[in-house]
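For clarity, every value in this text was computed on a predicted model and none was experimentally measured.
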Amino acid sequence: MKRTPLYATHVAASARIVPFAGWEMPVQYEGVIAEHQAVRSAIGLFHISHMGILDFAGDGVCAFLDTILTNKVSDLAENQIRYSLVCRPDGGVLDDVLIYRLPTHYRLVVNASNTDKIVGWLEHQISTQHWTITITVQNSVLALIAVQGPGATALLQDLVGSAADLAAIRYYRGTQVPFLGKTITATRTGYTGEDGFELFVPADDAETAWRTLLAEGAPHGIRPVGLGARDTLRLEAGLPLYGHELDDATNPFDAGLQKFVRFRNRQFIGKEALMEVRQLGPDRELIGLELIDRGIARDGCLIVVDGEDVGVVTSGTFSPTLQKAIAIANVETGSALVGTTVHVRIRADLRAARVVALPFYRRPR
């Protein structure tokens, strides 16, 4: 198992450590509900250095990435970030990623569980398409820390001073700011449904950055947050997780992610297959569920409509914000309309659930 630069810090804080995608990661500190609520009401601090950080160099990187990603790369502005999918020729999703156009190069952040797969896929495409591009996995030299919640921007603004107006940075944009004597990249991105920033810091400075953020944020209610609350937060926000809502057998249309597929005036791997899906319409769709009966609908529970199995739960939990059990399910298109009641098979019992629109939670504006 691999360890992040903050592994010892998490252990010293009595975090519960679990194996996750080949890494030893903190799943919780004081408890999932308390950490979840800290993000919704104050500030949560996440360590996400297990995510794959890939930097590109060479000739034609932008053109190459435009052939790999379903979303357009060539019109990204400097310091702009875009969500995209990496697809196989048949349209199946290999990963969902963020592409960054930084001042000096392009960066891709991929799911931890898919890092080796994506690096192998990209290197195969570089070789077979004869590009002169190199990929550097930066996880040994960079740490990734997320500061999320309604107080996150104000906390970071205090730390960077007048060097940048963080409140003026738009969502999915970034900047380079001074932090602890270094220049780091801060991006207004996250995976929680809250406002906040993600910070790329030198791995050697990760512990100092972590402790500084906790100390400076203490008066504002900051809490360290583990993977457990990260999952309940993203589920409330209706954000997909690879291995649950997405996998190699799922295309972007099946997961409601068609707006991240840009077809016009460009070629990319999977385009022909996805054009066919767009023309015929997807076979499947993601729906939101709120349990009416007692119980938690976990991954793999069947969705039953009029006695027929029409799909399966992909993610489910008890929502600390909504105080009810919620779930995302992948079902046959049109089989479970918003406002109707379906049943979820939990063990041997059928439990009633209401179909609702996603996301379950939107932060106040």
Side-chain angles (χ1 to χ4, degrees), residues 4 6 9-10 13-18 20-21 23 25-51 111-112 144-156 171 188-199 210 213-214 216-245 286 288-291 294-299 313-329 353 356-365:
T4 69
L6 290 178
T9 306
H10 300 316
S14 301
R16 180 185 166 201
I17 304 293
V18 299
F20 183 83
W23 295 82
M25 295 295 295
V27 67
Q28 64 179 37
Y29 298 83
E30 58 183 303
V32 170
I33 292 177
E35 293 164 27
H36 181 112
Q37 292 172 338
V39 178
R40 290 281 182 250
S41 63
I43 311 171
L45 188 62
F46 299 79
H47 181 212
I48 49 175
S49 296
H50 60 305
M51 303 287 287
N111 281 292
L144 189 52
I145 293 173
V147 189
Q148 301 281 297
T153 301
L155 169 62
L156 289 173
Y171 195 46
R188 201 160 195 169
T189 51
Y191 192 54
T192 63
E194 295 297 333
D195 190 17
F197 281 80
E198 294 178 321
L199 312 176
W210 183 264
L213 288 162
L214 284 178
E216 296 297 322
H220 309 287
I222 195 171
R223 294 285 188 278
V225 181
L227 295 176
R230 186 170 170 82
D231 191 52
T232 56
L233 289 158
R234 73 89 193 170
L235 209 166
E236 286 184 349
L239 299 172
L241 177 61
Y242 197 89
H244 292 255
E245 284 71 44
L286 291 183
L289 296 173
E290 291 181 353
L291 272 290
R294 293 175 60 86
I296 303 293
R298 301 294 186 188
D299 305 8
V313 171
T314 53
S315 297
T317 190
F318 181 82
S319 163
T321 303
L322 304 176
Q323 288 293 296
K324 62 179 69 172
I326 60 174
I328 298 175
V356 299
L358 293 170
F360 300 101
Y361 167 85
R362 291 184 190 276
R363 72 175 182 268
R365 300 287 183 177

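Taking 4.5 Å as the limit, every side-chain heavy atom of Tyr361 sits out of range of all side-chain heavy atoms of Leu233. Side chains of Gln148 and Phe197 form no contact here, defined as non-hydrogen atoms less than 4.5 Å apart. The shortest distance between side-chain heavy atoms of Arg234 and Ser315 falls below 4.5 Å. With a 4.5 Å cut-off on side-chain heavy atoms, Pro224 and Trp210 count as touching. Side-chain contact between Leu291 and Ile296: absent, with no pair of heavy atoms (C-beta onward) separated by less than 4.5 Å. Residues Ile328 and Phe360 are in side-chain contact: their nearest non-hydrogen atoms beyond the backbone lie under 4.5 Å apart. Thr317 places none of its side-chain heavy atoms less than 4.5 Å from the side chain of Asp231. Counting heavy atoms from C-beta on, the side chains of Ile145 and Glu198 never come closer than 4.5 Å.
Side-chain atoms of Ser49 come within 3.5 Å of backbone N or O of Leu144 as a donor-acceptor pair. At least one donor-acceptor pair closer than 3.5 Å links the side chain of Glu236 to the backbone N or O of Thr321. At least one donor-acceptor pair under 3.5 Å links the side chain of Gln323 to the backbone N or O of Pro320. Of the possible donor and acceptor atoms, one in the side chain of Glu35 sits under 3.5 Å from a partner among the backbone N and O of Gly226.
Scanning all heavy atoms of the two residues, the minimum distance from Ala21 to Ala112 falls at CB-CB, 3.8 Å. Smallest separation of non-hydrogen atoms from Ala237 and Pro359: O-CB, 3.1 Å. Gly316 approaches Leu235 most closely through the heavy-atom pair N-CD1, 3.7 Å. Taking both residues in full, the closest heavy atoms of Leu289 and Ala329 are given as CD1-CB, 4.1 Å, listed atom of the first, atom of the second, then distance. Of all heavy-atom pairs spanning Ala327 and Val313, the tightest one is CB-CG1, 4.0 Å. When all heavy atoms of Gly44 and Val225 are compared, the closest pair comes out as CA-CG2, 3.7 Å.
Side-chain contact, His50 with Thr4: no donor N or O sits under 3.5 Å from an acceptor N or O.
Rounding to the nearest 0.5 Å places CG of Leu241 at 6.5 Å from CG of Asn111. Atom CG of Leu227 sits about 5.0 Å away from atom CE of Met25, to the nearest 0.5 Å. Rounding to the nearest 0.5 angstrom, the gap separating the CG atom in Leu45 from the CG atom in Leu199 is 8.5 Å. The structure places CG of Leu286 at 7.0 Å from CG of Leu358, a figure rounded to the nearest 0.5 Å. The distance from the CG atom of Leu213 to the CG atom of Leu156 is 6.5 Å, given to the nearest 0.5 Å.
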Q: Please step through side chain to side chain contact (heavy atoms under 4.5 Å, CB included) for the pair Arg16 and Tyr29, ending with a clear verdict.
A: CA-CA 6 Å; Arg16 180 185 166 201; Tyr29 298 83; over 6 Å; no

Q: Please assess Phe46 against Thr192 for the test side chain to side chain contact (heavy atoms under 4.5 Å, CB included), listing each intermediate value before the final yes or no.
A: CA-CA 10 Å; Phe46 299 79; Thr192 63; 3.7 Å; yes

Q: Could you please spell out the steps behind the side chain to side chain contact (heavy atoms under 4.5 Å, CB included) verdict for Phe318 and Ile33?
A: CA-CA 10 Å; Phe318 181 82; Ile33 292 177; 5.6 Å; no

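Leu322 CG: more than 12 foreign heavy atoms inside a 6.0 Å radius.
Taking the six-membered ring where the residue is Trp, His10 and His47 present tilted rings, their angle falling between 30° and 60°.
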